[in-house]
Structure formats: C-alpha cells, structure tokens
Amino acid sequence: MDDAYANGAYIDGAADYVPRWAQTAEAFRIGLGARARLGLSYGPSERMALDMFRPEGVEQGTLIFVHGGYWLKFDRSYWSHLAAGALARGWAVAMPSYDLCPSVRIAGITQQIAQAVIEVAGGSTGPISLAGHSAGGHLVSRMLAPGMLPEVVRARLTHVVPISPVANLEPLLRTSMNADFGMDTGMARAESPAHQPKPAVPVTVWVGGEERPAFLEQAQLLAEAWGCDHVVTPGEHHFNVIDALADPHSDLIARLTNGA
C-alpha cells in the first residue's frame with residue numbers, strides 16, 4: 001500500500017518540484033510587496049498561521065487554499081505562487097499552515113483548518129471558496145461535514161474543490177505512514193469525507209489523469225458519494241495538477257471564483 005500512495009516515484013523529475021515550488025513562491029511573495037500579509041496567527045501554535053494575499057482594487061471574494069503533504073510535511077510557504085490565478089480575478093487568497101502528524105492527529109488538523117476558515121471569514125466579506133490538494137483536499141472536504149463550520153460561515157461558501165483528495169482514509173492504515181498518523185479503523189472512518197452526507201455547497205472533485213490509480217479511485221469515490229462534478233485533467237500528475245490555480249483563465253479558477 002505504500003507504493004499505491006507513492007507519487008514522486010512515478011513522476012519524472014520529481015525531486016526538482018519542491019525546491020522550484022519554494023523558489024517560485026518566495027519570488028511571488030516578494031513581488032506582491034504590501035499586498036502580501038504574512039504569518040497571521042489563527043491559533044495558539046506556531047504553525048497555526050496563514051498568509052493573506054490581496055488583489056488590486058475591491059475584493060470580489062476570498063479563496064482559501066490548503067496544502068498537502070500527507071499531513072506530515074510542508075507549510076504555506078511552498079505554494080504562494082498558486083494565488084496568482086484568483087488574485088488576477090479580484091479575489092483575495094488565504095493560505096494556512098497547520099500542525100503536522102505525529103505531534104497532532106489528523107482529526108486535530110481538521111479542527112485547525114476549521115479555525116483558519118473561521119478566522120478568514122471573520123476578517124472578510126463576500127463569498128468564500130475552498131481548494132485543497134491531496135491531504136489538503138481531504139481537509140477542505142471535511143469542512144463540509146455537518147457542524148464543522150458555523151452556519152454563518154458555511155452559508156458564504158460558493159464552491160469547494162478537493163484536488164486529488166484522500167476521501168477514504170482506511171487504506172492508509174496499511175501504509176507505513178500510519179506509524180505517524182496513529183489511526184485505528186474508527187478514527188480513519190470518522191475522518192473520511194466519503195462517509196459524510198452529501199453537502200449542499202457546490203463541489204468539484206479535481207484530479208490529474210496521470211495520477212496513481214489510488215488517487216483516481218479516491219477522487220471517483222468522493223464524486224460518486226456526493227453526486228458532484230468530477231474533472232479528470234488529461235496528462236497531469238499529482239505534482240502539476242495544481243498549476244491551474246496560478247492561471248486566471250483556467251477552468252479551475254473559473255469554478256473557484258465564479259461558483260460555476
């Protein structure tokens with residue numbers, strides 16, 4: 001099962017992606033200048049902080065992007081450049097970090113992201129959309145569970161896009177990663193979006209056509225469970241499927257900023 005969820009081993013030049021993400025993200029933040037507000041706290045731990053990127057002119061809404069890394073690695077600093085697409089459409093973009101396993105459980109990370117969404121909502125007006133990649137796709141999907149967000153916040157959600165999400169966590173019990181997750185079957189099931197009721201908020205499950213079979217299956221599972229839109233992008237893999245977030249003309253950004 002480790003191999004089923006190993007992405008980098010099946011992507012050409014995989015080792016180059018992480019340093020390139022970090023460099024591109026840093027340059028993007030520098031280029032935004034005062035329109036980038038960095039390290040805004042939303043909770044008591046050091047990693048419970050977010051970066052907020054503001055568009056030029058009047059804000060049309062706010063996109064919250066939640067990064068992946070199997071709940072084990074990365075932080076918000078690798079992904080800043082992915083805000084470019086929404087910013088060009090007049091939307092602000094918030095990117096939170098969160099505590100990582102094994103210092104917290106996945107359920108604890110879910111609660112942290114809920115806190116981040118509530119914090120962003122409290123400092124903004126207008127519509128809110130959510131996007132998350134991989135483990136982040138799981139986390140934004142969990143925001144649609146009954147009672148996860150206050151109704152006043154949930155009512156502002158216009159579109160949620162889990163990108164290459166993990167919708168059923170039970171297979172991860174059979175990976176070596178579970179030594180850090182510390183999950184049992186009950187915990188995995190409780191944290192699986194595929195077991196949640198179908199949400200009222202519009203959802204598009206997004207996945208690259210060249211991803212590992214496990215991720216294609218996970219995406220299909222969530223789309224079928226929720227009866228929502230399901231987009232499979234030809235030729236894209238787990239590491240470049242998120243590139244469309246930086247393109248203001250992409251269908252992905254159109255959905256996130258128009259609620260289409």
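Since the structure is predicted, the reported quantities are computational estimates derived from the model, not experimental observations. Worth knowing before you read on, the calculation uses all heavy atoms, side chains too, and leaves out hydrogens, waters and symmetry mates.
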Engineer: State plainly whether one hydrophobic cluster holds both L256 and V205, where clusters connect Ile, Leu, Val, Met, Phe, Trp and Tyr through side-chain heavy atoms under 4.5 angstrom apart.
Structural biologist: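 L256 and V205: separate clusters.
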Engineer: For the ring pair W71 and Y98, is the centre-to-centre distance below 6.0 Å?
Structural biologist: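 They do not qualify: ring centres at least 6.0 Å apart.
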Engineer: Would L82 and I242 count as a side chain to side chain contact (heavy atoms under 4.5 Å, CB included) if you check the C-alpha gap in whole Å, the side-chain angles of each, and the deciding distance to 0.1 Å?
Structural biologist: CA-CA 8 Å; L82 298 180; I242 52 176; 3.8 Å; yes
Engineer: How about Y17 and N7: does a side-chain donor come under 3.5 Å of a side-chain acceptor?
Structural biologist: no
Engineer: Residues two or more places apart in sequence or in another chain: which of them pass salt bridge (Lys or Arg N to Asp or Glu O under 4.0 Å) with R105?
Structural biologist: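 Salt bridge (Lys or Arg N to Asp or Glu O under 4.0 Å) list for R105, sorted by chain: empty.
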Engineer: Could you go step by step and tell me if H238 and R212 meet the side-chain hydrogen bond (donor to acceptor under 3.5 Å, both in side chains) rule?
Structural biologist: CA-CA 8 Å; H238 197 74; R212 301 287 289 132; over 6 Å; no
Engineer: Looking at S250 and I253, would you say the former's side chain and the latter's main chain have a donor-acceptor pair under 3.5 Å?
Structural biologist: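 Here the side-chain-to-backbone pair exists.
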Engineer: What I want to check is whether the side chains of H237 and E211 have a donor and an acceptor closer together than 3.5 Å.
Structural biologist: no
Engineer: Heavy-atom distance under 4.5 Å between the side chains of V120 and Y42, does that happen here?
Structural biologist: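 Contact flag for V120/Y42 side chains = no.
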Engineer: H138 versus P193: any side-chain heavy-atom pair under 4.5 Å?
Structural biologist: yes
Engineer: Could I get the full list of salt bridge (Lys or Arg N to Asp or Glu O under 4.0 Å) partners for D12, not counting sequence neighbours?
Structural biologist: none
Engineer: Hey, any chance L139 and L221 share a hydrophobic cluster, counting ILVMFWY side chains that come within less than 4.5 Å of each other, even indirectly?
Structural biologist: no
Engineer: Are V203 and I64 joined in one hydrophobic group, where the rule is that I, L, V, M, F, W and Y side chains link up if heavy atoms are under 4.5 Å apart?
Structural biologist: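 Linked, V203 and I64 end up in one cluster.
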Engineer: Can a donor-acceptor pair be found, under 3.5 Å and without considering hydrogens, that links the side chain of Q23 to the backbone of W21?
Structural biologist: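 Flag not set: sc Q23 to bb W21 has no pair under 3.5 Å.
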Engineer: For the residue pair L216 and G209, what are the closest heavy atoms and their distance?
Structural biologist: CD1-O, 4.1 Å
Engineer: Do the non-hydrogen side-chain atoms of L169 and L172 ever get within less than 4.5 Å of each other?
Structural biologist: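 A side-chain contact exists here, since the closest heavy-atom pair is under 4.5 Å.
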Engineer: So do V117 and V153 actually touch side chain to side chain, heavy atoms under 4.5 Å?
Structural biologist: yes
Engineer: Under 6.0 Å between the ring centres of F215 and Y5?
Structural biologist: yes
Engineer: What distance do M95 atom CE and L38 atom CG have between them, rounded to the nearest 0.5 Å?
Structural biologist: 11.5 Å
Engineer: Got a donor-acceptor contact below 3.5 angstrom from the S134 side chain to the G136 backbone?
Structural biologist: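 No.
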Engineer: Inspect the surroundings of CZ in R37 and state if more than 12 heavy atoms from other residues, nucleotides or ligands are less than 6.0 Å away.
Structural biologist: no
Engineer: Tell me the closest heavy-atom pair linking V232 and G208, and the distance in Å.
Structural biologist: CG1-C, 4.3 Å
Engineer: So do I11 and E210 actually touch side chain to side chain, heavy atoms under 4.5 Å?
Structural biologist: no
Engineer: Same hydrophobic cluster for Y78 and F53, using side-chain heavy-atom links shorter than 4.5 Å among ILVMFWY?
Structural biologist: yes
Engineer: By side-chain hydrogen bond (donor to acceptor under 3.5 Å, both in side chains), which residues pair with S80, not counting sequence neighbours?
Structural biologist: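 Residues passing side-chain hydrogen bond (donor to acceptor under 3.5 Å, both in side chains) with S80: R29.
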Engineer: Start with the C-alpha distance between Q220 and H230, add both sets of side-chain angles, then the distance that settles side chain to side chain contact (heavy atoms under 4.5 Å, CB included), and finish with yes or no.
Structural biologist: CA-CA 7 Å; Q220 183 174 354; H230 180 202; 4.0 Å; yes
Engineer: Can you find a pair of side-chain heavy atoms, one from T158 and one from I128, that are under 4.5 Å apart?
Structural biologist: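 They are not in contact (no side-chain heavy atoms under 4.5 Å apart), so the answer is no.
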Engineer: Between R54 (side chain only) and A92 (backbone N and O only), is there a donor and an acceptor less than 3.5 Å apart?
Structural biologist: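 Here the side-chain-to-backbone pair does not exist.
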Engineer: Backbone N or O of A15 within a donor-acceptor pair of the R20 side chain at under 3.5 Å?
Structural biologist: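 Answer holds: no.
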Engineer: Not counting sequence neighbours, which residues clear salt bridge (Lys or Arg N to Asp or Glu O under 4.0 Å) with E151? List them please.
Structural biologist: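 None.
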Engineer: Are the side chains of H133 and L245 in contact, using a 4.5 Å heavy-atom criterion?
Structural biologist: no
Engineer: Does the side chain of S141 come within less than 4.5 Å of V160's, by heavy atoms?
Structural biologist: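 No; the side chains remain at least 4.5 Å from each other.
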Engineer: Is there a donor-acceptor contact under 3.5 Å linking the side chains of T110 and E191?
Structural biologist: yes
Engineer: Among residues at least two apart in sequence or on other chains, which ones pass salt bridge (Lys or Arg N to Asp or Glu O under 4.0 Å) with E224?
Structural biologist: none
Engineer: Below 4.0 angstrom, N of the basic side chain to O of the carboxylate: do D2 and R174 qualify?
Structural biologist: no
Engineer: Quick one, L87 with L63, criterion side chain to side chain contact (heavy atoms under 4.5 Å, CB included). Give me CA distance, side-chain angles, the key distance, then yes/no.
Structural biologist: CA-CA 9 Å; L87 287 178; L63 166 64; over 6 Å; no
Engineer: With sequence neighbours excluded, tell me which residues meet side-chain hydrogen bond (donor to acceptor under 3.5 Å, both in side chains) with T24.
Structural biologist: none
Engineer: Give me the atom names and distance for the closest heavy-atom approach of G90 to P55.
Structural biologist: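 Of all heavy-atom pairs spanning G90 and P55, the closest is O-CG, 3.5 Å.
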Engineer: I'd like to know if the side chain of D75 and the backbone of S97 have a donor-acceptor N/O pair within less than 3.5 Å.
Structural biologist: no
Engineer: Distance only, no hydrogens: is a donor on one side chain within 3.5 Å (strictly under) of an acceptor on the other, for H67 and R76?
Structural biologist: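 Their side chains do not contain a donor-acceptor pair, so the 3.5 Å distance test is not met.
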Engineer: If every non-hydrogen atom of S45 is compared with every non-hydrogen atom of D99, which pair is closest and at what distance?
Structural biologist: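 Heavy-atom minimum between the residues: OG-OD2, 2.8 Å.
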Engineer: For the hydrophobic clusters of this structure (ILVMFWY residues joined by side-chain heavy atoms under 4.5 Å, transitively), does one cluster hold both W206 and W226?
Structural biologist: no
Engineer: Search all heavy atoms of R156 against all heavy atoms of A121 and return the closest pair with its distance.
Structural biologist: NH1-O, 2.9 Å
Engineer: Take L130 and L157, measure what side chain to side chain contact (heavy atoms under 4.5 Å, CB included) needs, and give me the verdict at the end.
Structural biologist: CA-CA 8 Å; L130 307 178; L157 298 180; 4.0 Å; yes
Engineer: Which heavy atom in Q196 sits nearest to a heavy atom in L144, and how many Å separate them?
Structural biologist: NE2-C, 3.8 Å
